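Below you'll find the structure, written out as structure tokens, and then a few comments.
The model shown is predicted, which means the values in this text are computed figures rather than measured ones.
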Amino acid sequence: MIKIGINENIQKIREDIENTCIRIGRKNDVKIVAVTKNVTVDRIIEAINCGIKDIGENRVQELMSKIDLIKPKPKFHLIGHLQTNKVKYIFDKVELIQSLDRIELANEIEKRAKSRNIIVNTLIEVNISNEDSKFGVKEDELLNFIEELQRFDHIQINGLMTIGSNTKDTKKVRSDFRRMYLLREKIMSEKYDRVNLDILSMGMTNDYLLAIEEGSNMVRIGTGIFGKRNN
Ligand SMILES: *Cc1c(COP(=O)(O)O)cnc(C)c1O
């Protein structure tokens, strides 16, 4: 079995992010979310011991099976598609739900959050590449969606999230990321209540530097830290 150097991988990613920020002349405010689907608790703890503070899981069940075993406790992010009937398990346990993409889901989050008198932090997932296979709000529906979310007093919108196209065409990926940045600027200028788009979550192992060049400040990296998943 090949031992993947989690520590070396994280150091290298940090260096690459820092160098990219220097090269394009922006402040390095990029947060790394280590994506831990199919990663064992031991290896997650290894990453946390290397300074990782944010952990992303895309399945509720997998998150629940690990959440109490991971120490010291990181911040957990739900990054995958969230079924309405699973909201109750995680709404008060995660730092950020990154996949808010429909009103039905917002309704359920609002109901749960209200009953506990808490505010749940979310990112709106945008299907910027407009692929049928992807979840997320379409670009041309985003403003309407945000207007509709205005009635939910217990949901805070902290930013936008997207998954780049699965293509080698970097021009296409870059142009999608650029439109995400512009969308965020546009919405911020509208000054809605409980909408504060500080976070732009885009970029994974294959495209995170490109995403940072286009303004991402949160990258979600799995394979690049833990090695190839056997699934
Ligand atoms: C799996 C996953 C990632 C990480 O993907 P890698 O290519 O392994 O870095 C990021 N975001 C989401 C939503 C994912 O499901």
Side-chain angles (χ1 to χ4, degrees), residues 1-22 26-82 86 89-99 120-123 125 158-164 166 173 177 198-231:
M1 203 180 85
I2 304 164
K3 174 103 172 70
I4 306 284
I6 291 174
N7 187 34
E8 288 85 346
N9 290 344
I10 293 171
Q11 295 319 323
K12 171 80 166 60
I13 290 165
R14 285 210 181 104
E15 259 173 51
D16 288 347
I17 291 175
E18 176 67 15
N19 289 333
T20 298
C21 288
I22 291 171
R26 69 171 265 197
K27 179 173 89 184
N28 184 355
D29 57 356
V30 180
K31 190 175 268 186
I32 299 172
V33 175
V35 175
T36 55
K37 57 189 177 216
N38 289 346
V39 176
T40 58
V41 167
D42 283 1
R43 303 176 73 232
I44 297 172
I45 291 174
E46 199 177 328
I48 290 169
N49 289 335
C50 300
I52 289 291
K53 296 188 168 58
D54 295 84
I55 294 293
E57 281 281 351
N58 61 348
R59 291 237 222 62
V60 169
Q61 233 156 348
E62 191 173 344
L63 174 60
M64 295 310 291
S65 74
K66 295 172 180 172
I67 199 163
D68 292 329
L69 305 173
I70 301 173
K71 292 179 182 119
K73 205 173 175 52
K75 293 174 177 166
F76 291 99
H77 298 241
L78 200 282
I79 61 173
H81 181 65
L82 178 55
K86 302 241 168 88
Y89 301 119
I90 53 103
F91 75 100
D92 57 350
K93 296 189 175 63
V94 297
E95 172 79 5
L96 202 52
I97 293 175
Q98 297 207 11
S99 46
V120 172
N121 291 312
T122 63
L123 304 183
E125 180 170 358
N158 299 79
L160 305 178
M161 181 273 243
T162 199
I163 300 174
N166 188 10
V173 178
F177 286 160
D198 284 343
I199 301 175
L200 188 54
S201 173
M202 56 188 196
M204 322 199 308
T205 298
N206 288 326
D207 56 17
Y208 70 97
L209 293 177
L210 209 152
I212 289 168
E213 287 173 4
E214 297 303 329
S216 165
N217 59 14
M218 181 174 279
V219 293
R220 309 177 309 268
I221 302 183
T223 320
I225 293 176
F226 299 104
K228 237 182 147 65
R229 289 181 287 273
N230 39 2
N231 57 350

- Query: Does the pair Val30 and Tyr208 meet the rule for a side-chain contact (heavy atoms from CB on, under 4.5 Å), with working shown?
  - Reply: CA-CA 10 Å; Val30 180; Tyr208 70 97; over 6 Å; no
- Separation between CD1 of Ile79 and CD of Glu57, rounded to the nearest 0.5 Å: 7.5 Å
- Check for a donor-acceptor pair, side chain of Thr205 on one end and backbone N or O of Gly224 on the other, with a separation under 3.5 Å. yes
- Verify, without hydrogens or angle tests, whether Glu62 (side chain) and Asn38 (backbone) share a donor-acceptor contact under 3.5 angstrom. yes
- Task: Might you point out which heavy atoms bring Lys66 and Val39 nearest each other, and give the distance in Å?
- Result: NZ-O, 2.9 Å
- Item | Point-to-point distance, once rounded to the nearest 0.5 Å, from NZ of Lys86 to NE2 of His81 | 9.5 Å
- Nearest-0.5 Å distance that lies between atom CG in Leu123 and atom CG in Leu78: 11.0 Å
- Leu69 side chain near Ile44 side chain, heavy-atom distance below 4.5 Å: no
- Reported CZ-to-OG1 distance for the pair Phe226 and Thr40, which is rounded to 0.5 angstrom: 8.5 Å
- Do Ile70 and Thr36 have side-chain heavy atoms sitting under 4.5 Å apart? no
- Message: Would Asn7 and Glu46 count as a side-chain contact (heavy atoms from CB on, under 4.5 Å) here? Give the steps.
- Response: CA-CA 8 Å; Asn7 187 34; Glu46 199 177 328; 5.7 Å; no
- Evaluate the side-chain contact (heavy atoms from CB on, under 4.5 Å) criterion for residues Ile97 and Ile90: first the C-alpha distance (whole Å), next the side-chain angles of each, then the deciding distance (0.1 Å), finally the verdict. CA-CA 9 Å; Ile97 293 175; Ile90 53 103; 4.0 Å; yes
- Message: Tell me whether Asn217 contacts the main-chain N or O of Asp198 through its side chain, where contact means a donor paired with an acceptor under 3.5 Å.
- Response: yes
- Item | Which atom of Asn28 lies closest to which atom of Glu18, heavy atoms considered | ND2-OE1, 2.8 Å
- Task: Kindly indicate whether the side chain of Ile212, heavy atoms from C-beta on, has any atom under 4.5 Å from the side chain of Arg26.
- Result: yes
- Query: Going by heavy atoms in the side chains, are Leu63 and Val94 under 4.5 Å from each other?
  - Reply: yes
- Distance-minimising heavy-atom pair for Ile55 and Val33: C-CG1, 3.9 Å
- What distance separates Asn158 CG from Ile199 CD1, expressed to the nearest 0.5 Å? 5.0 Å
- So, Arg14 side chain and Ile32 main chain: donor-acceptor pair closer than 3.5 Å or not? no
- Task: Report the distance from atom CD of Gln11 to atom CG of Asn9, rounding to the nearest 0.5 Å.
- Result: 10.0 Å
- Query: Do Asp207 side-chain atoms and Met204 backbone N/O form a donor-acceptor pair below 3.5 Å?
  - Reply: yes
- Under 4.0 Å between a Lys/Arg side-chain N and an Asp/Glu carboxylate O for Lys12 and Glu8? no
- List the atom of Lys31, the atom of Asp54, and the distance in Å for their closest heavy-atom pair. CD-OD1, 3.5 Å
- Message: Quick check: do Met161 and Arg220 have side-chain heavy atoms less than 4.5 Å from each other?
- Response: yes
- For Lys37, does its backbone N or O pair with a side-chain atom of Arg59 as donor and acceptor, under 3.5 Å? no
- Ile52 vs Ile6 side-chain heavy atoms within contact, under 4.5 Å: no
- Item | Residues forming a side chain to side chain contact (heavy atoms under 4.5 Å, CB included) with Ala211, sequence neighbours excluded | Phe177, Met202, Ser216
- Is there side-chain contact between Lys71 and Ile48, with at least one heavy-atom pair below 4.5 Å? no
- Any donor and acceptor pair, going by atom type alone, linking the side chain of Ser99 with main-chain N or O of Glu125 inside 3.5 Å? no
